[in-house]
**Q** 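Structure in C-alpha cells, see below.
We number each residue from 1, following the sequence as shown. Since we're looking at a predicted model, the values are computed, not measured.
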Amino acid sequence: MSESNISYVKNECTGCGACYNVCPISAITMQEGVGGFLYPIVSDKCISCRKCVETCPAINVIKRKEDIIGSYAMVNGNSVEILKSSSGGIFLRVAKYVIENLNGVVFGTIYDKDFEVKIVKTRDEKEIEKMAGSKYLYSNTTDSFRQVEEELKNGNVVLYSGVSCQIAGLYSYLKKEYENLFTIEVLCHGAPSQGLFDKYVKHIEHKYNKKLVSINQRDKSLPWNPLITKRIRLKFDDGNEKVWAEDFDPYMSLYIREIAYRDVCYSCKYVGTKRNGDLVLGDFGGLGLIEKCQLDVKKGVSLVLINTKQGENLINMLEDINIEPRKLDEVIKLNSCLRSNVKGPVSREQFMMDYEKLSGEELFKKYYYNNYAYRMRAIIKRVMFTIVGPNNVAKIIYKRKK
C-alpha cells in the first residue's frame with residue numbers, strides 16, 4: 001500500500017478522524033470496519049497531498065515535554081451538578097464557566113437519539129449536561145476539528161473534551177497553539193466500538209421487548225467507593241427501568257475484561273504522565289487507601305492533573321469546587337493508564353472473529369450468559385462486597401497491585 005495517503009496505517013489507526021477533517025478535497029470518509037470501529041476510507045479522488053499522513057497522531061506522536069504542574073482530588077460543590085456527573089463533576093463546572101463567563105463554546109461527547117456516541121459543540125447549558133457522564137465506547141469526532149478551528153479563528157473561546165488520541169489528533173490538525181483553546185483530556189485505558197454498542201442496544205430492546213430511551217453507565221444511587229463500582233441504569237419508553245451492577249451487564253462485562261478494545265488501545269502511544277490536554281480528568285479510584293483524604297467524596301470525586309498554565313488559570317477561575325492536592329506518586333500507583341497499556345486477554349483474537357460472524361444475541365450469549373466461570377466470579381465479588389464492604393475489598397485489591 002502506498003504511503004501517499006492514510007490507507008497504510010491500518011491497525012495503528014485510533015479512529016480520531018484527524019485525517020478526515022484535514023483532507024482538502026473530502027476524499028476521506030470514516031466508515032465502520034473491523035470490530036465495529038471507524039476507519040478512514042480513501043476514495044479515488046485522492047491527490048496524494050499527504051496532509052492526512054502528516055496529521056495522523058498515530059504516525060506523528062506528539063507529547064508535551066513539560067512536567068505536570070499539579071495533581072489533585074476535586075469535588076464539585078454543586079450537589080445537583082455532581083449527581084449528573086460520573087465522578088466529581090469537574091467537567092460540568094469547567095464547561096459552564098466557559099459558556100457563562102467566557103462566552104465560549106464547548107465540545108463534548110453525547111448520545112444522540114439512536115445512541116450513537118459523538119462529539120458535538122454547544123453554547124447551551126442544558127446540552128452540556130448531556131455531555132456529562134461516562135460513555136464507555138469510542139466517540140465519533142465527526143467534523144469537530146474543523147469546527148474548532150473556525151471558532152478559534154473567529155476569536156471565540158473553545159473548550160474541547162476527548163480522550164488522549166482525540167486531543168492529540170486535534171492539536172496535530174491545528175498545527176499551532178491558540179490562547180483561546182482549552183482542552184480536557186479524559187483518562188482512558190481502552191474503548192469498545194460503536195458497532196458493539198449498537199449490538200448491545202438491539203439485544204436489550206429485543207430481550208425486554210421495549211425501546212430504550214436512556215442509558216446511564218454510571219448511576220449514582222449508591223455512595224462512591226474506592227473501587228469505582230459502576231451501576232447501569234436503563235430506562236425504557238414505558239417508564240420502567242432496569243438497574244444492575246456492571247459485572248452483570250452483557251456489554252460492560254466485556255469492557256471490564258478488556259476484551260473488546262480497538263487494536264491500537266493495547267499499544268497506545270499516549271499512556272503515561274506526559275499528556276497533551278491542558279487538564280486531565282478521570283476517576284480517582286483507590287483514593288484514601290494510601291493517604292487519607294479530607295474531602296467529602298460520598299457523591300463522587302475526580303482526579304485532576306494540571307498540565308499547563310492555561311489549565312491552571314482555568315481551574316483558578318472556578319468557584320464552588322473543593323480541592324485537595326495529592327502526590328503524583330500516589331496518582332500513578334492508583335491509575336494504571338498513567339503507567340502502561342492494558343494487556344489484551346488471550347481470548348481477544350477469538351472475540352474479534354466472533355464479532356464479525358455472530359449476531360448480537362449469539363455474541364452476548366457466548367461471552368456473558370453462557371460464560372459461567374465469569375459469572376461465578378462476578379457473584380463471588382458481589383458477595384465479598386456485601387460481607388466485608390467495597391472499601392475493604394479495595395484495600396485488598398490495591399495492596400496486590402503494589
**Q** Using distance alone, with no hydrogens and no angle criterion, decide if Thr122 and Asp124 have a side-chain donor and acceptor under 3.5 Å apart.
**A** no
**Q** Under 4.0 Å between a Lys/Arg side-chain N and an Asp/Glu carboxylate O for Arg123 and Glu151?
**A**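 Yes, this pair counts.
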**Q** Does the plane of the ring in His189 sit parallel, tilted or perpendicular to the ring in Tyr261? Use 30° and 60° as the thresholds.
**A**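 Perpendicular, since the angle between the ring planes exceeds 60°.
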**Q** Is the closest basic N to carboxylate O distance between Glu324 and Arg326 below 4.0 Å?
**A** yes
**Q** Assess whether side-chain hydrogen bond (donor to acceptor under 3.5 Å, both in side chains) is satisfied between Arg375 and Tyr369, documenting all intermediate values.
**A** CA-CA 8 Å; Arg375 297 186 75 183; Tyr369 295 105; over 6 Å; no
**Q** Using distance alone, with no hydrogens and no angle criterion, decide if Ser4 and Arg50 have a side-chain donor and acceptor under 3.5 Å apart.
**A** no
**Q** I'd like to know if Arg231 pairs up with Glu246 as an ion pair, taking the criterion as any Lys NZ or Arg NE/NH1/NH2 lying under 4.0 Å from an Asp or Glu carboxylate oxygen.
**A**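 Looking at Glu246 together with Arg231, the answer is no, because their closest N to O distance does not fall below 4.0 Å.
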**Q** Is Arg339 reaching over with its side chain to a backbone N or O of Lys333, donor-acceptor style, under 3.5 angstrom?
**A**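 It does hold such a pair.
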**Q** Is any side-chain N of the basic residue among Glu312 and Lys309 closer than 4.0 Å to the acidic one's carboxylate O?
**A**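 Yes, this pair counts.
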**Q** Test Phe197 against Tyr251 for ring-ring contact (aromatic ring centres under 6.0 Å, His included), laying out the working first.
**A** CA-CA 7 Å; Phe197 194 68; Tyr251 177 85; 5.1 Å; yes
**Q** Phe351 vs Tyr355 aromatic rings, parallel, tilted or perpendicular, using cut-offs 30° and 60°?
**A** tilted
**Q** Under 3.5 Å, is there a donor-acceptor pair linking the side chains of Tyr171 and Thr183?
**A**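 Short answer, yes.
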